[in-house]
A.B. asks: 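Here it is, the structure in full.
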Amino acid sequence: MMEQKARITKEQLKQAQAEVDKLTCELERSRELGRVIVHVDMDAFYAAVEMRDCPELKDKPMAVGSMSMLSTSNYHARRFGVRAAMPGFIAKKLCPNLVIVPTNFDKYRAVSAQVREIFSEYDPHFMPMSLDEAYLDITEHLEQRKHWPETMRTYHICDAKTGNDADRSAAESERDELSPVLFEDSPSSSPSLSGADGKAEVFGTSAEEAVREMRFRIEQKTSLTASAGIAPNMMLAKVCSDKNKPNGQYRIPPERQVVMEFMKDLPVRKVSGVGKVTEKMLAALGIVNCDQLSQQMALLSLLFSGTSWHNFLHISLGLGSTCIERDSERKSMSTERTFGEMSDAEEQYSLCRDLCHDLAQDLQREGLKYKSLLINLMHPCQINKLTFKK
DNA sequence: GCGGATCAC
DNA sequence: TATGGTGATCCGC
């Protein structure tokens, strides 16, 4: 650190700053604020599904996963420090009463499909990131929506879904009873939802109203809550969806000044793509929030690769992708397994054969042929990975 | 082009 | 008892 500092001259910094300023100008000139991007994130998804379907779990600290690894936890468990990606046996030490429910991926997939049906009505080209998360571009939807009569923006509690109304009502009332309380301080669902006699809710034509409506429909259909972020680009929308979680939403209006103000205090770690390692490297330079990031761009352009500091510059300016790309073809398929130390050669061969067999099956399932085979055997036997590349 | 590192979920 | 699995990208060789 000290050495590097000494090696960078003031002249270099000055030149770097000039380059940063020039690129900043170009980026600023082409800033796009015309799209309305939404990031939707289901609240504690797997845990919420399990709680919905098992009332016993409602008031207990619970997590979904195994003694080896947890996928997610509910609010009660989080109070004990139980988090996603934590081994279950550690979580048990933090919270001895923790109930661990094994994952039911088929069920989560089914619920996800229900939610995605709703997404597609607001953006037929929405981009799913996982079972519980997606980006939408609702610009066109809002354009249409402006001309919609109120009836097209009105939703009834027992009538929100098309299909058999009688069955629907029964299902709804049952779900009301089962509706999970995820978080103690969670703002209750919309007033008309909790009111026993509430009949209909009319949503407005703004972006916020459209997203409120979408979240309302998700809750009506699945008894699960979602959080959302609304912003002029994907990077901002993602950060926003985290802002009022759970069961909330946040919008950054399409104005440069507001975007910059929002970025100022934002910790760099909150931005998707900035992980633990990058956070540490930046912290070592005294950079924690995005304001500091923008102040140090000249230095960063000297210390990091082109793509890295360009990315930092985009972040510091509150820029991000403004178009939701169609999910492209997969580029690789892999199988890996974690195992303990293993000195017996036969055992090692056996494991390799198993991996090959599993991967071959996966490949066959998609009828794919791959050009190259990568075999990764990392010491000390923590990761064993087979990858086929196209 | 390859393998390691990083990241998201 | 026990700390995951999959896919993508970037970077330095």
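Treat the numbers as computed from the prediction; the structure is a model and nothing was measured.
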A.B. asks: Give, for atom CE of A:Met86 and atom CG of A:Leu98, the distance between the pair rounded to the nearest 0.5 Å.
C.D. replies: 10.0 Å
A.B. asks: Compare every heavy atom of A:Asn244 with every heavy atom of A:Gln249, then report the nearest pair and how far apart it is.
C.D. replies: O-ND2, 2.8 Å
A.B. asks: Using a strict heavy-atom distance below 4.0 Å, which residues from residues 82-94 of chain A are in contact with DNA chain C?
C.D. replies: A:Pro87, A:Phe89, A:Ile90
A.B. asks: Which part of the nucleic acid, if any, lies within reach of A:Ser66 when heavy atoms closer than 4.0 Å are counted: base, sugar-phosphate only, or nothing?
C.D. replies: nothing
A.B. asks: Between C:dG5, B:dA8, C:dT9, spot the one nearest the side chain of A:Thr338, thanks.
C.D. replies: C:dG5
A.B. asks: Would you jot down, in residue-number order, the residues of residues 95-110 of chain A having a non-hydrogen atom under 4.0 Å from DNA chain C?
C.D. replies: none
A.B. asks: From C-beta outward on A:Thr335, which listed nucleotide comes closest to its side chain: C:dT6, C:dT9, B:dT6?
C.D. replies: C:dT6
A.B. asks: For nucleotides B:dA8 and C:dT3, find the distance between their P atoms and express it as a whole number of Å.
C.D. replies: 24 Å
A.B. asks: Between A:Ser328 and A:Ser308, which is nearer to the 5' end of DNA chain C once each is assigned its nearest nucleotide?
C.D. replies: A:Ser328
A.B. asks: Measure from the ring center of A:Phe126 to the ring center of A:Tyr135 and say whether it is less than 6.0 Å.
C.D. replies: no
A.B. asks: A:Asp358: what forms a salt bridge (charged side-chain N to carboxylate O under 4.0 Å, His left out) with it, not counting sequence neighbours?
C.D. replies: A:Arg337
A.B. asks: Of all residues at least two apart in sequence or in a different chain, which pass the salt bridge (charged side-chain N to carboxylate O under 4.0 Å, His left out) check with A:Asp354?
C.D. replies: none
A.B. asks: Could you pull out all donor-acceptor pairs under 3.5 Å where a side-chain atom in residues 140-152 of chain A meets a protein atom, sequence neighbours excluded?
C.D. replies:
residue: A:Glu140; atom: OE1; partner: A:Arg35; partner atom: NH2; Å: 2.9
residue: A:Glu140; atom: OE2; partner: A:Arg35; partner atom: NH2; Å: 3.3
residue: A:His141; atom: NE2; partner: A:Arg145; partner atom: NH1; Å: 3.1
residue: A:Glu143; atom: OE2; partner: A:Lys146; partner atom: NZ; Å: 3.0
residue: A:Arg145; atom: NE; partner: A:Gly204; partner atom: O; Å: 2.9
residue: A:Arg145; atom: NH1; partner: A:Glu213; partner atom: OE1; Å: 3.4
residue: A:Arg145; atom: NH1; partner: A:Glu213; partner atom: OE2; Å: 3.2
residue: A:Arg145; atom: NH2; partner: A:Gly204; partner atom: O; Å: 2.9
residue: A:Arg145; atom: NH2; partner: A:Glu213; partner atom: OE1; Å: 2.8
residue: A:His147; atom: ND1; partner: A:Glu143; partner atom: O; Å: 3.4

A.B. asks: Sequence neighbours left out, cut at 3.5 Å: what donor-acceptor pairs do the side chains of residues 226-237 of chain A make with other protein atoms?
C.D. replies:
residue: A:Ser227; atom: OG; partner: A:Asp43; partner atom: OD1; Å: 2.8
residue: A:Ser227; atom: OG; partner: A:Asn247; partner atom: N; Å: 3.0
residue: A:Asn233; atom: OD1; partner: A:Met235; partner atom: N; Å: 3.1
residue: A:Asn233; atom: OD1; partner: A:Leu236; partner atom: N; Å: 2.8
residue: A:Asn233; atom: ND2; partner: A:Gly318; partner atom: O; Å: 3.0

A.B. asks: State, to 0.1 Å, how close A:Pro87 and A:Leu70 come at their nearest heavy-atom pair, and which atoms those are.
C.D. replies: C-CG, 4.4 Å
